[in-house]
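Below is one structure, written out as structure tokens, with a few remarks after it.
Chain identifiers are assigned alphabetically (A, B, ...) following the order of the sequence lines, protein sequences preceding nucleic acid strands; residue numbering begins at 1 within each chain.
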Amino acid sequence: MTVDTVKHAAETPEHPQPWAELGLRGEEYARIREILGRRPTSSELAMYSVMWSEHCSYKSSKIHLRRFGELAQQTPVGKLLAGMGENAGVVDVGQGYAVTFKVESHNHPSYVEPHQGAATGVGGIVRDILAMGARPVAVMDSLRFGPAAAPDTARVLPAVVAGIGGYGNCLGLPNIGGEVVFDPAYAGNPLVNALCVGVMRHEDLHLAHASGVGNLVVLYGARTGGDGIGGVSVLASETFGDEGPSKRPSVQVGDPFTEKLLIECTLALFAEGLVVGIQDLGGAGLSCATSELASAGEGGMHVVLDHVPLRDPTLAPEEILMSESQERMMAVVPPTAIDRVLEICARWDVDASVVGEVTDSGRLTIEWRGETVVDVPPRTVAHEGPVYERPYARPSWQDDLQAAGPSSLARPARADELRATLLRMIASPNLCSRAWVTDQYDRYVLGNTVLAQPEDSGVIRVDEQTALGVALATDANGRYAKLDPYVGAQLALAEAHRNVAAVGALPLAVTNCLNFGSPENPDVMWQFAEAVRGLADGCRALGLPVTGGNVSLYNQTATSAVLPTPVVGVLGVLDDVTRRTPSGFRTPGQTIYLLGTTRDEFGGSEWAHVEHDHLGGRPPAVDLDAERALAEILVRGSRDRLVEAAHDVSDGGLAQALVESCLRYGVGARVTAPVGIDPFVFLFTESAARAVVAVPRSAEVRFTDLCSARGYPYQEIGVVGDAAGTPVLEVREQFSVPLAELREAFESTLPALFAPAAAP
Amino acid sequence: MRIGVVTFPGSLDDGDAARAVRLAGGEMVSLWHGDADLRGVDAVVLPGGFSYGDYLRCGAIARFAPVMQPLVEAARSGLPVLGICNGFQILCESHLLPGALIRNDHRTFLCRDQRLRVDSVATAWTSAYETGAEIVVPLKNGEGGYVADERTLDELEGEGRVVVRYLGGNPNGSHREIAGITNARGNVVGLMPHPEHAVDTLTGPTTDGLGMFESVLGSRVAP
Amino acid sequence: MPRVVVDVMPKTEILDPQGKAVHGALHRLGFDRVVSVRQGKRFEIELEGDLTPEVVAGIERAAGSLLANPVIEEFTIHVEG
Amino acid sequence: MPRVVVDVMPKTEILDPQGKAVHGALHRLGFDRVVSVRQGKRFEIELEGDLTPEVVAGIERAAGSLLANPVIEEFTIHVEG
Ligand SMILES: Nc1ncnc2c1ncn2[C@@H]1O[C@H](COP(=O)(O)OP(=O)(O)O)[C@@H](O)[C@H]1O
Ligand SMILES: [Mg+2]
């Protein structure tokens with residue numbers, strides 16, 4: 001094997017290099033030569049190409065994401081302990097605890113190899129959280145697929161779910177929520193977004209810095225193999241098309257067992273205060289970890305590649321630097337602590353090896369077999385990549401799309417039509433029970449899960465003595481965002497915010513994963529810019545910081561882009577999780593209130609989708625002041641124990657919320673459409689800033705005062721329970737459906753589509 | 001009374017087992033897979049999880065851990081041992097209990113609140129229950145199908161060694177709805193459902209699981 | 001380098017969910033002449049040094065205790081190359 | 001009755017967590033001469049009627065799509081009895 005050393009590179013300036021194949025543009029290659037004052041070695045070229053890829057450098061999205069940075073770095077209860085730049089932002093939740101959370105995409109790998117792609121997506125985000133010094137305590141998954149009945153969805157969905165479950169369950173992290181959405185726009189490009197949340201004491205916060213000249217750089221975890229070489233730049237920066245399968249070899253296989261040991265081992269290292277800096281190895285592997293650690297610290301690092309434990313001894317230095325082998329971490333350790341570090345790794349059966357040290361050279365130098373193959377200023381690799389101002393413009397079709405509203409669509413009028421519509425709606429793939437998916441996830445492990453699916457938010461207890469806890473919800477609606485990306489992003493934020501408040505938690509902070517098509521398409525770039533602007537303005541209005549997130553571009557098949565899909569995750573805090581509000585009706589006789597204003601808003605609604613396969617018009621109006629007031633009412637209602645059940649009203653409208661609240665504990669309800677509201681609109685419109693609550697008679701006055709005090713609209717729409725006999729959901733003067741019939745419709749759809757076929 | 005909870009590489013519910021022991025009024029002693037030492041405990045819980053990733057076969061590799069040597073001997077001479085989920089699988093692999101656990105018949109991981117009937121209270125871990133008591137505790141596994149040859153199954157039923165049985169539909173294809181069994185002496189019990197996750201109604205569906213730990217501690221006797 | 005292969009199959013009287021599933025899938029693909037499918041495991045073990053009878057006997061012991069669970073599985077061993 | 005056996009092994013370049021775990025266990029049991037273990041699957045497929053080349057070719061197609069995941073696995077097929 002002839003090695004392209006720095007010396008050799010300097011001597012052979014004309015040597016042709018495959019920069020285009022590596023996804024670099026001509027001017028980018030020229031800039032690398034200019035930075036180095038010579039042509040890059042093949043190892044350097046590998047590093048720059050992967051670190052300057054869209055996935056790692058955010059070159060198309062950077063200028064827009066700045067809007068998030070401009071928000072006050074402050075939550076309703078305190079300062080951020082770490083902001084966006086880090087692996088994941090860190091939020092003070094009180095009592096000396098800090099929480100870090102982040103959502104990340106693994107879309108393309110999950111299309112190519114659904115099981116491993118989804119599994120390693122979970123593994124990656126968990127290491128991100130771990131790298132902040134936190135103990136990961138829960139995961140969530142936000143999933144989008146093509147049509148439910150499409151053959152490729154039958155290939156992708158069960159494998160993605162098995163991959164997420166297989167990895168998370170084996171890691172011992174409860175899965176506490178997420179989404180499953182179907183739309184033709186995701187055929188051939190599913191979205192798999194994984195979220196992880198971690199908890200630490202304030203003093204345990206660790207950041208990714210390589211500081212302290214002479215400190216040692218330790219690589220520990222799995223051995224390095226040929227996994228996903230170039231995976232990041234190739235998989236994440238090209239459109240698919242029929243050449244999809246040819247990318248298969250660059251998929252990685254995950255080993256959750258090794259990751260579990262990595263977690264315990266890393267937490268043991270933190271506990272003894274042995275590390276000064278830590279970084280996970282994700283996309284771009286060693287290229288990323290070494291350059292980011294170095295440029296965040298003193299700026300110098302020397303690495304000896306020969307000391308990297310290899311699974312495949314034939315790997316070339318370029319490949320070792322690009323390898324995306326999973327379950328690896330890199331720590332910066334004082335020489336005095338190294339023996340203890342290696343001891344702890346051994347106790348957990350984790351391979352560890354000193355691969356380099358921190359220097360004051362201001363350069364990242366990497367040697368292999370005694371020769372220098374990399375000698376670069378680390379910042380130019382990690383932080384000073386190219387930045388593009390991609391052209392964007394409102395799509396020519398946007399006006400027509402908004403003009404083609406749902407007003408012309410035939411609406412059910414008669415009682416029997418409304419009843420049939422309800423049953424079709426709750427059985428539709430986007431509204432039916434997710435149990436077939438979520439029953440494959442362990443929600444109990446660690447023993448701190450207070451609420452999980454199908455509740456509005458997952459709730460995790462943080463402290464067993466004080467009952468402090470956090471709540472999390474993720475939401476997105478690509479149909480709304482297609483109609484209006486600015487409003488669509490705000491509606492996603494509003495829904496997640498509402499879901500967190502519904503369980504009684506005070507919303508604190510926001511993470512997001514922006515899934516869009518090709519940034520080289522001005523239409524898509526406009527959708528992206530609008531969504532970011534909407535989300536940033538929305539967070540400002542709600543007084544929430546964006547603590548981190550992830551951008552996934554090029555989500556499209558040869559022919560078309562996915563729906564613009566800004567997935568928003570909101571974190572909330574409960575000072576006492578014993579007062580969490582569940583979503584199910586339990587006590588007959590309690591009064592059901594509908595909070596908020598109900599308008600005739602069917603643009604982008606599930607009703608238009610299910611009944612007319614229609615997408616057009618404007619999404620529901622968003623009113624963030626109203627959302628804020630509603631959240632206050634829901635949180636106070638929980639704090640003063642005025643509400644026994646609360647459920648947010650969103651996709652599918654009030655009807656969907658009532659069905660879910662009734663089926664949770666098998667307790668029925670009788671409701672009446674207030675005078676002046678058309679029953680169809682009452683049941684199915686998707687007006688935002690609304691929730692249903694069940695209030696004990698004894699608390700009615702105090703609860704309604706709570707609403708009046710904020711001038712918040714509320715309507716008494718019915719009572720929990722029903723005339724003795726079999727439980728039913730009754731809409732007075734319209735129809736009544738036994739819960740058994742509702743359950744049959746609600747729960748049969750996903751099993752019928754995806755349950756493994758029985759053997760002959 | 002001191003109850004040991006063993007941690008293997010890949011154990012996941014060890015913290016929950018420890019919490020259950022505390023809530024039942026016992027003193028928890030953590031035991032490490034690599035130490036051939038039971039630290040003089042009065043009973044041992046093998047917790048749930050994915051020891052060694054559940055690679056090869058669930059429990060097949062953990063069985064050879066140093067801690068298992070003294071444990072198997074002590075169990076043979078009467079030490080109360082409870083194997084939960086992965087712990088049950090380890091007990092079968094160690095031949096402390098008959099039969100084996102295989103992939104669920106529907107071939108997917110299943111996490112749900114499971115109704116069970118306590119069929120034998122003549123064990124160290126179920127004496128606090130009434131015979132025939134119906135309880136609800138979480139079930140969560142991918143390889144929970146209990147299998148054994150007919151002779152063994154008849155023997156288990158004949159000797160009243162089926163400890164808990166699934167109610168309301170067989171969740172995984174287990175022979176004769178068997179969810180948990182005991183050895184002839186009644187000191188070693190293994191079951192797939194997770195009693196340690198049903199010890200308070202904040203984080204679990206019921207408190208029905210507490211009885212298992214209270215049984216061995218003698219802190220509660222059958223009403 | 002010498003290699004020992006250990007094949008582990010579920011005993012015929014033990015039910016085999018995976019095998020049954022594959023059987024069903026093959027039927028749906030139109031392979032109606034398949035009467036049964038059993039799914040087992042295959043281990044390829046590479047050793048250094050030469051394969052003395054002792055070594056093979058050792059692997060045999062390991063197969064009976066670790067690689068296969070005699071309660072539900074049976075195994076066969078053969079040496080390659 | 002004719003039987004077709006399909007052996008499915010993880011590609012050598014792909015990480016094999018199971019084989020790795022078995023390797024570790026064998027070492028702890030004292031088999032220090034083992035240098036690598038790969039764990040794969042073995043399918044024993046019994047068919048009725050005789051094994052025409054078409055049938056075998058059919059099984060071969062099924063193996064490549066159903067029994068093995070060509071992304072990470074490779075398979076060999078042979079006829080027994
Ligand atoms: N992929 C998933 N993983 C885990 N939980 C999920 C997933 N998809 C949906 N859920 C859960 O199912 C319930 C219903 O989902 P959804 O209707 O989207 O809730 P909401 O509309 O309140 O956001 C929620 O508790 C959600 O967290
Ligand atoms: Mg939702």
Side-chain angles (χ1 to χ4, degrees), chain C residues 1-12 16 18-52 54-68 73-78 80, chain D residues 1-12 16 18-52 54-68 73-78 80:
Chain C
M1 192 176 297
R3 165 197 280 184
V4 178
V5 175
V6 180
D7 290 324
V8 175
M9 298 301 293
K11 284 183 177 169
T12 37
D16 168 18
Q18 280 129 313
K20 274 179 74 182
V22 172
H23 188 183
L26 285 171
H27 265 253
R28 283 188 295 282
L29 289 176
F31 294 95
D32 38 23
R33 285 176 44 195
V34 173
V35 288
S36 94
V37 179
R38 310 288 294 167
Q39 178 175 337
K41 306 192 189 91
R42 174 185 172 89
F43 301 90
E44 295 181 353
I45 304 171
E46 304 214 319
L47 301 118
E48 62 195 349
D50 41 291
L51 277 185
T52 60
E54 295 69 45
V55 176
V56 179
I59 299 292
E60 186 127 17
R61 273 198 316 282
S65 57
L66 175 70
L67 303 183
E73 298 166 322
E74 51 211 0
F75 66 92
T76 58
I77 281 194
H78 55 279
E80 279 183 7
Chain D
M1 192 176 296
R3 165 197 280 183
V4 178
V5 174
V6 181
D7 288 324
V8 176
M9 297 300 293
K11 288 182 180 171
T12 41
D16 172 18
Q18 310 223 57
K20 202 174 127 211
V22 173
H23 187 186
L26 284 171
H27 264 251
R28 283 190 297 279
L29 289 177
F31 295 94
D32 39 23
R33 284 175 50 193
V34 173
V35 288
S36 98
V37 178
R38 311 285 295 170
Q39 178 177 338
K41 304 193 195 92
R42 175 183 171 91
F43 298 90
E44 294 180 355
I45 305 172
E46 304 217 320
L47 302 114
E48 59 195 352
D50 42 284
L51 276 183
T52 62
E54 295 70 42
V55 176
V56 178
I59 300 289
E60 185 130 17
R61 274 198 313 283
S65 55
L66 180 72
L67 305 183
E73 298 169 322
E74 57 209 358
F75 68 91
T76 58
I77 184 166
H78 56 278
E80 278 182 8

Contact class of C:Phe43 relative to chain D, heavy atoms under 4.5 angstrom
both
Given heavy-atom pairs under 4.5 angstrom as the criterion, report whether the side chain, backbone, both or neither of C:Leu66 touches chain D.
side chain
Return the minimal non-hydrogen interatomic distance between C:Arg33 and D:Asp50, and the atom names on each side.
NH2-O, 2.5 Å
Supply the atom-to-atom distance C:Gln18 CD to D:Lys41 NZ, rounded to the nearest 0.5 angstrom.
8.5 Å
D:Leu29, part contacting chain C, at a heavy-atom distance under 4.5 Å:
side chain
Identify the two heavy atoms, one from D:Val35 and one from C:Glu48, that lie closest to each other, and give their separation to 0.1 Å.
CG1-OE1, 3.6 Å
Okay, C:Val55 and chain D: the region with an atom under 4.5 Å from a heavy atom over there is side chain
Tightest non-hydrogen contact, residues C:Met9 and D:Arg42, listed as SD-CD, 3.6 Å
